[in-house]
Amino acid sequence: MSTYAARHHSSQPTLNRVEKSADYNTTLFRRLTWEGTVPLEIRVDPKELPANSDRGLECYFIQAPRVSYLPLLVTEIRRFLMDVVFDEVAAKTLKDEEWWFESEEGTLLKWHWPIGLIYDNHTTSTSLRSPLAPSTSLATPMRLILHLAAPPNDKLFISPSIESCKQAFMNQLKEADFIRWGNTRRMTGLRKADQDGLWEGIKEHSFDDFWRVASKLTPVVGTSPRSTSPTPTSSISRPISTDPNPPPDRDSAYSMKSIPIRMYLPDGPTLQEVAPPLIDDGTPHTLAHFVSNHLPLLFPPRPPPPPPSRLNPNPQAPAVPELAYALIQGVISPPEAELAWLSACLAGADGWLNICIGISRG
């Protein structure tokens, strides 16, 4: 099995000067997200194996970074196939630009999606058939089929090249920048070398190189306004501020104009939404509020408690069934998590908060 990060820049847990200037907890979650990997089992379509190939070794395992992209894995996969599976004659006939992937179930995999998103979307799609929610401690390899010819370019949207993937990434980053701040001045104000450095950080899997530039675009968590949310029960939820009048911070996640969000339904469409960091009463916009507004059949809003009575002076709101769950960066996120915090800490490298919706079967 290949461990991708072992041959790239390995991030250490000690903080450098860039990290010291940011909130410690924000940096911690950003680093955990960056260091996240997913297991992939990549098998060449047996119908497309060249003659004289070793058919007992056409399967390749890799721990791929969540923030990376499939085109960035092709060089490593090709090296393995040339060394172990194909002979020299076959190697000369194969063209990387004709390679493409699909899942074991036959779903075409998009080149411009981060690998972590592909994995999470596959996980939630299988929730339609699996009786259990995804395990938080044991990750099952996602099985990919590698095709060596005849890519369906009309369905791939972009050509399977690193340069095309880079352009798609930069476009997503600019769109997210506009949604967050109402303009793209932060992005367009970067030098060309810095803009290229963002992609190089992804390509080389270097946390420090990427965030040295991305920190100029991405909001800091800042101070959360007074919240009426329940006390957080999970480490993914940001602690609620006790300061009733925090000073305004134009770089704070709570000062953004909107949060760029995409929701991925299992075996269904992708919903692109924008959400304010605060709701009308000035409290933080929570994940529960957002999904219940947009997907009320899967996340029914909790009804208010009944009026108090002599027999029940402190009535509680009735429970609602847990029909679905939200998966963000491989983590089942608690409903009280604040969208602004999630956007600052768990958004993808392209600036979008990706929420994969799974169906509960428990």
Side-chain angles (χ1 to χ4, degrees), residues 1-9 34 36-50 53-55 57-104 106-122 141-172 196 198-206 209-210 348-350:
M1 175 180 286
S2 171
T3 303
Y4 187 92
R7 291 190 295 279
H8 292 71
H9 295 281
W34 185 272
T37 61
V38 296
L40 302 178
E41 176 186 331
I42 302 171
R43 186 182 300 273
V44 180
D45 187 339
K47 299 187 296 296
E48 300 178 16
L49 277 173
S53 297
D54 190 331
R55 293 182 175 269
L57 298 171
E58 76 278 12
C59 190
Y60 184 62
F61 292 86
I62 183 173
Q63 281 289 134
R66 280 186 157 271
V67 299
S68 190
Y69 293 83
L70 288 174
L72 298 179
L73 303 184
V74 167
T75 300
E76 183 170 343
I77 297 170
R78 182 184 179 90
R79 185 184 304 116
F80 165 79
L81 294 176
M82 298 307 169
D83 291 345
V84 180
V85 182
F86 302 153
D87 60 17
E88 292 184 3
V89 176
K92 294 178 180 179
T93 63
L94 296 176
K95 300 178 180 179
D96 293 2
E97 60 268 21
E98 295 184 353
W99 290 14
W100 55 285
F101 295 88
E102 66 178 354
S103 69
E104 189 179 41
T107 302
L108 184 67
L109 301 184
K110 297 178 174 61
W111 292 97
H112 61 289
W113 282 19
I115 292 174
L117 174 58
I118 291 174
Y119 188 91
D120 289 349
N121 184 245
H122 176 264
M142 180 180 176
R143 294 175 177 174
L144 309 185
I145 306 299
L146 171 60
H147 296 276
L148 304 177
N153 292 323
D154 58 325
K155 297 179 181 179
L156 287 172
F157 299 111
I158 64 171
S159 63
S161 69
I162 292 179
E163 184 60 30
S164 295
C165 190
K166 174 187 175 181
Q167 292 303 318
F169 170 78
M170 299 303 294
N171 289 337
Q172 296 292 328
D196 291 340
L198 289 166
W199 178 250
E200 287 301 311
I202 296 290
K203 186 178 177 180
E204 298 300 323
H205 194 58
S206 172
D209 289 347
F210 177 82
D350 60 4

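Any value given below was found using the heavy atoms of this structure, including those in side chains, with hydrogens, waters and symmetry copies removed.
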Mind checking side-chain contact (heavy atoms from CB on, under 4.5 Å) for [X] and listing every partner two or more places apart, or none if nothing turns up?
{"X": "I162", "result": "P71, L72, W199"}
{"X": "S161", "result": "S159, E163, S164"}
{"X": "E104", "result": "R143"}
{"X": "D120", "result": "R66, L327, C356"}

Drop me the distance from [X]'s [atom1] to [Y]'s [atom2], to the nearest 0.5 angstrom.
{"X": "L81", "Y": "Y60", "atom1": "CG", "atom2": "OH", "answer": "9.0 Å"}
{"X": "K166", "Y": "N171", "atom1": "NZ", "atom2": "CG", "answer": "11.5 Å"}
{"X": "H122", "Y": "L144", "atom1": "NE2", "atom2": "CG", "answer": "8.5 Å"}
{"X": "S68", "Y": "W34", "atom1": "OG", "atom2": "CH2", "answer": "9.0 Å"}
{"X": "L146", "Y": "R43", "atom1": "CG", "atom2": "CZ", "answer": "11.5 Å"}

Applying side chain to side chain donor-acceptor pair (under 3.5 Å), name anything that partners [X], two or more places apart in sequence or on another chain.
{"X": "E48", "result": "H147"}
{"X": "E97", "result": "none"}
{"X": "D96", "result": "R78"}
{"X": "K110", "result": "none"}

Are the side chains of [X] and [Y] in touch, meaning some heavy atoms are under 4.5 Å apart?
{"X": "V38", "Y": "M142", "value": "no"}
{"X": "P39", "Y": "Y119", "value": "yes"}
{"X": "F101", "Y": "I42", "value": "yes"}
{"X": "L40", "Y": "F61", "value": "no"}

Considering all heavy atoms, the nearest [X]-[Y] contact:
{"X": "D209", "Y": "G201", "value": "CB-CA, 4.4 Å"}
{"X": "W111", "Y": "Y69", "value": "O-CD2, 3.6 Å"}
{"X": "I115", "Y": "P65", "value": "CB-O, 3.7 Å"}
{"X": "S103", "Y": "L109", "value": "N-CG, 4.0 Å"}

Task: With sequence neighbours excluded, residues passing salt bridge (charged side-chain N to carboxylate O under 4.0 Å, His left out) with E200 - done: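 Checked E200 against salt bridge (charged side-chain N to carboxylate O under 4.0 Å, His left out); zero matches.
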Open item on the list: According to salt bridge (charged side-chain N to carboxylate O under 4.0 Å, His left out), who are the partners of D350, at least two apart in sequence or on a separate chain?
Closed with: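 For D350, no residue satisfies salt bridge (charged side-chain N to carboxylate O under 4.0 Å, His left out) once neighbours in sequence are set aside.
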Task: Residues forming a ring pair (Phe, Tyr, Trp, His ring centres under 6.0 Å) with H112, sequence neighbours excluded - done: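 Residues passing ring pair (Phe, Tyr, Trp, His ring centres under 6.0 Å) with H112: none at all.
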Task: Partner set under ring pair (Phe, Tyr, Trp, His ring centres under 6.0 Å) for W99, not counting sequence neighbours - done: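 Here no residue qualifies.
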